[in-house]
Every structure is written in C-alpha cells, then in structure tokens.
There are 2 protein chains.
Amino acid sequence: MDLEPLLGSQTCQSLSGTTNCTPSVCNECAVREHAVCGSLPVDALTELHQIGRHRLLRKGQTLVWEGDETLLVANVMSGMVKLSSGTSTGTEQILGIVGPSGFIGRPNGGPAAHSIVALMDTKLCVFPASPFRRFMEVHPEMGVALLDKAFDDLDRARRWQLMLARASASERTASLLLEFAGNRAIEGKAYVFPISRGQMADLAGLTIETISRQLTRLKKAGIISLPSRSGFIIHDRGALAAIAGEARHSGLH
Amino acid sequence: MDLEPLLGSQTCQSLSGTTNCTPSVCNECAVREHAVCGSLPVDALTELHQIGRHRLLRKGQTLVWEGDETLLVANVMSGMVKLSSGTSTGTEQILGIVGPSGFIGRPNGGPAAHSIVALMDTKLCVFPASPFRRFMEVHPEMGVALLDKAFDDLDRARRWQLMLARASASERTASLLLEFAGNRAIEGKAYVFPISRGQMADLAGLTIETISRQLTRLKKAGIISLPSRSGFIIHDRGALAAIAGEARHSGLH
DNA sequence: CGGCCTGTTGATGCTTATCAATTCCTGTGG
DNA sequence: CCACAGGAATTGATAAGCATCAACAGGCCG
C-alpha cells in the first residue's frame, strides 16, 4: 500500500557503465538539502536508495506504536507526524511534532518511546533499521550527520521546554501558529491546523478554551484570520513573532 | 589547574609487551557502565584515553561559553553542570541540568547553543572535539553509543517538556527534588540543592516564592526536611513520587 | 557587630482553568 | 441537494492557582 521503491524512478543513464549520478528522486526531493542525506556523496546516496522506500502515510495512520521494537527509521519529506505517548491516567499526550526534513525513529533499536502518527497525508523516506545501521557503519558521515541532527533536535526541545516553563497563553498560541506555518511563514497564505484544538492545548500546556480565546483575540487584532475551523491565515507575521517572543511586555495579552 | 592526564595513573603492567588491559582509572570510574564509553572494547578504551583528560570543574566555573566554537566534549563523572542561555531580555535561563554519566558538548562543532557551568565541584572526562571526531570515525560503535544517548536525552527532554506543559507547582517542585536526588533517591540521606531557589524557579517555570512555599508545604507534610537552606532530606520517597506524578488528584496542593 | 543577600512568609490581583451553555461545522443519510 | 445529528469549537461566568508586591528573618561576609 502506497509503497514505492526509491529506485523505481531513477533516470540516471549509465552511458559509460558507471552509475555515480544522483538518483533523480533525490534531486526532486524538496527536503534533500536539510535532511540527513543532504551531506552524502553521490555514490553513498545511491547505495542508501537501495535500502529505502518512499511511503505515503495517510492522515491518522500510525507508523510506529509506542513500546514496539524499532524496526525502521525515516525522513519526513512532506506533511507532519506527531510523537505521542499514553500517560498513567490513560489519556494520550503529544510529545512533539515533526515536519519536513525531520528524522524519526531510533537507528539503534530498543522499544519506541512514543508512537508516530501522521497528522495529515505525509510522505516519508523509510529505511529498515538494520540495513540502515549497516549503512551507518560503512558511511560514518551519515552517523555524524544524524548525530548533528539529534543534537539540533535536543537544543530545539530544550528551548521549547523553556518556552513552556515561562510563556503566557498568548505567547504559546503565537508560537504554535508559527510552528504550524513553518519557519518561513508567508503572510496571506492559507495554512491548515494539523491538529485539533484539544491537541494544540496539550502541546502548549493550555486548555481548549484558552486556545480558542487566544485565537479569537489574535483575529480581532487583525494579526490572523480564521476562514474556517481548520485553517488560518497570517496577516502580520512580525506581530505574531513579537507576541511569541515577548508578549509579556507588549500591549496585547 | 586541576588537569590530570588520564594516562597518568594507568596501572596496567605490560608484562608481555601488549597493553590491552582496561586502564585502571576507567575501572574505578563510577559512571563507566552508563556513560558512552561503557560499550567500548578494551583496546578502543585504551586509545580513547590517550586523547582525554580528567578535569575538575569547580563550582561556578564555566566549561563552555554560549556562542563559542565547540572545542571539546565531555562525560560527567560526578557532580552537576547546568546548560544555560541568555535571553532577549538579558536574563539568564537554565535549559537543563546534566548529572553523572551525562554527555555534554557537540562533537561536530559549530557554535555552542548554551553555556556549560558547574553547579558544584564536578569531575569531567574531557576530550578535544577534533581527536574525538577522528576516534568516532575509526570506532563507529562510539558514534552509535553517542547517537543512542542523544536520542535518550531527546526523549527525556520531551517528557520534561510535557511535565512543564501540564504540571502544577507541587508536581514541579516534587519532580525537581527527585531530579536533584537522582533516580535512586534514598530516604533519610542529606542532599544538597545544586542551584539557588531562583534557578530552581527558572527551571520549573515558577517563581522563587512559589518554590519556597511548596518546599514549606512538603516539609509540613513530613515528606521532606530542610535542615539548612541549601540541603534537604527525603523522608517519604513514595509520597514525593506520587506528587510528582499525579498531584492534581491528590489532597496536597 | 552590622550590612547585605538569599530565602521565607503574608496580602492582593491577574491569568488561566473549570464548569456550563450555545453555535457552527462536517459528515451522513434521505 | 438538503436536512439532520453529532461533535468540535466558541463564548460566558466563576473560581482556583500562581505571580506580584511587600515586609521580614536568617546566614555569611567583612
């Protein structure tokens, strides 16, 4: 189902018998430069292809179940997945969200600390864990790149952590919107909420009602629009960023 | 100052000319089994020794400054360091705390995302970044171990993040105490607060006053003692853990 | 011994959670 | 295509929890 071998559409023409050109699917990959494979030389990339597959994960589908042995790792090409975990009280909690060029899974096995579920239709570059590990052993630069990405993620998690510790409701809501819109949020463009209000509340450490009130407030201030229940438009990115960063000292609360 | 070459106290006796026995300092290392070097074979460990040094970081001393190029990585053998960062408003914020067997620094260079400062006298196993990188290239298992640790840290950061998002003041304070006491908190043992009330407040996302009130409350409930300003004793570890986990439904708030 | 800094305790107000009612999508079936 | 049901989101009223402001106590240093 929706599995497409990466090699399937390779258009490299081996005129001289050598095949050291970039597989076309990678050239077309929107996140190539930012993902872990970005730093690989052509021949290594070609090799990596042979163990990976493209996969489309439909909205709501689960890639990995919490507690399962980790059998695969993946790059997110487009879309979004959530990392979630069940709590002692039985409810599900969102631990994080991973968007394009993000890496998910643990190469070294062990039970998964969280489930991975698609928030919208999501394209992935999936690799079985064992061959991926072997690939890392042969190509240490991949391990290096992955390590770098893991440390990046760690830094980002620590900063979000800080935000949760100190931010007000308006700051959290604004940060959430910017997160959903991606780092390069475009004014006037229609974005989709990848998660429900309830899940947004979980992630930001607020309640549904507070999220709703803050969105209304931002709408009334003219900073965003809410054309439908599941979409939003940013009109004033600067204002939103200002609120996300330091609302405590601005006029809008 | 306080620099001690790791090889200095190696007691391995090369009777037969071979030196493939574990360096004694590593045998004596309290965190050997939990640190990244734990999985290394003897010969690799011996090699790693030759690029590392022990270093004692005195309370308050800074190992790495935020923004500086990362020139070293280290294992924490004993003590505690904080990761901190300056904010836009000029104040310092604590991003996290690293205790024994923790790994700090980024092997792959780039400017440091946070300063690293000792919270108490701390013993470190320090390695210059470049030789450490070369070592990783030769010994991929080190990269694998480090990657695993990084993912562990990431999971822990995500869970603390979740805690901050949803926890009440009493939950946060209890979690903080358990964190300070280590995973195996012993009832009746005297522990030291590694950071000031203000820094605890920063870390937990509370104010000094609230931290103080919660500590008093825990003391009055008989769960802890506060024999001095800078120390605490846990009398009822179970109660503390219960509060940290699910205070919202207990009687104590 | 006295100043000073850190921590504790007290009183009050703001922010956000909670409880409750209503509206508005969305998707389903006729 | 429209009507309807069901759930999700919004809005309102109230209260709890924590921050803030303020005063005080207790070590630690000179």
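Within every chain, numbering begins at 1; the chains are lettered A, B, ... in the order of the sequence lines, protein sequences first and strands thereafter. These values consider heavy atoms only, across backbone and side chains, with no hydrogens, waters or symmetry-generated copies.
Under the 30°/60° scheme for interplanar angles, the aromatic rings of B/F180 and B/F193 are found to stand perpendicular. Aromatic ring orientation, A/F151 versus B/F103: tilted (interplanar angle from 30° to 60°).
Protein atom CE of A/M200 is 16 Å distant from nucleotide atom C1' of C/dT16, rounded to whole Å. For the pair A/F193 CZ and C/dT26 C1', the computed distance is 17 Å after rounding to whole Å. As rounded to whole Å, 11 Å separates atom C1' of C/dG7 from atom CG of B/L226.
Across all strands, B/L215 comes closer than 4.0 Å to no nucleic acid atom at all (heavy-atom distances). Residue B/T216 is in sugar-phosphate contact alone, with no base atom involved, counting any heavy-atom pair closer than 4.0 Å across all strands shown. Nucleic acid contact for A/G231: none, since no nucleic acid atom lies under 4.0 Å from a heavy atom of the residue. Contact annotation for A/L206: backbone-only contact, meaning every heavy-atom pair under 4.0 Å involves sugar-phosphate atoms and none involves a base.
For A/T210, no side-chain nitrogen or oxygen approaches OP1 or OP2 of C/dT16 to under 4.0 Å.
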Polar atom pairs (N or O), protein with nucleotides 21-30 of chain D, under 3.5 Å:
unit_1	atom_1	unit_2	atom_2	d
D/dC21	N4	B/E209	OE2	3.0

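With salt bridges taken as basic N to acidic carboxylate O contacts below 4.0 Å, one links B/R58 and B/D121.
Here the side chains of A/L218 and A/I243 are in contact, with some heavy-atom distance below 4.5 Å.
Listed nucleotides: D/dA9, C/dT8, D/dC18. Nearest to the side chain of B/A169: D/dC18.
Along DNA chain D, the nucleotide nearest B/T207 and the nucleotide nearest A/K219 are compared for position; the residue whose nucleotide lies closer to the 5' end is A/K219.
Closest of all the heavy-atom pairs between A/A113 and B/D155 is CB-OD2, 3.3 Å.
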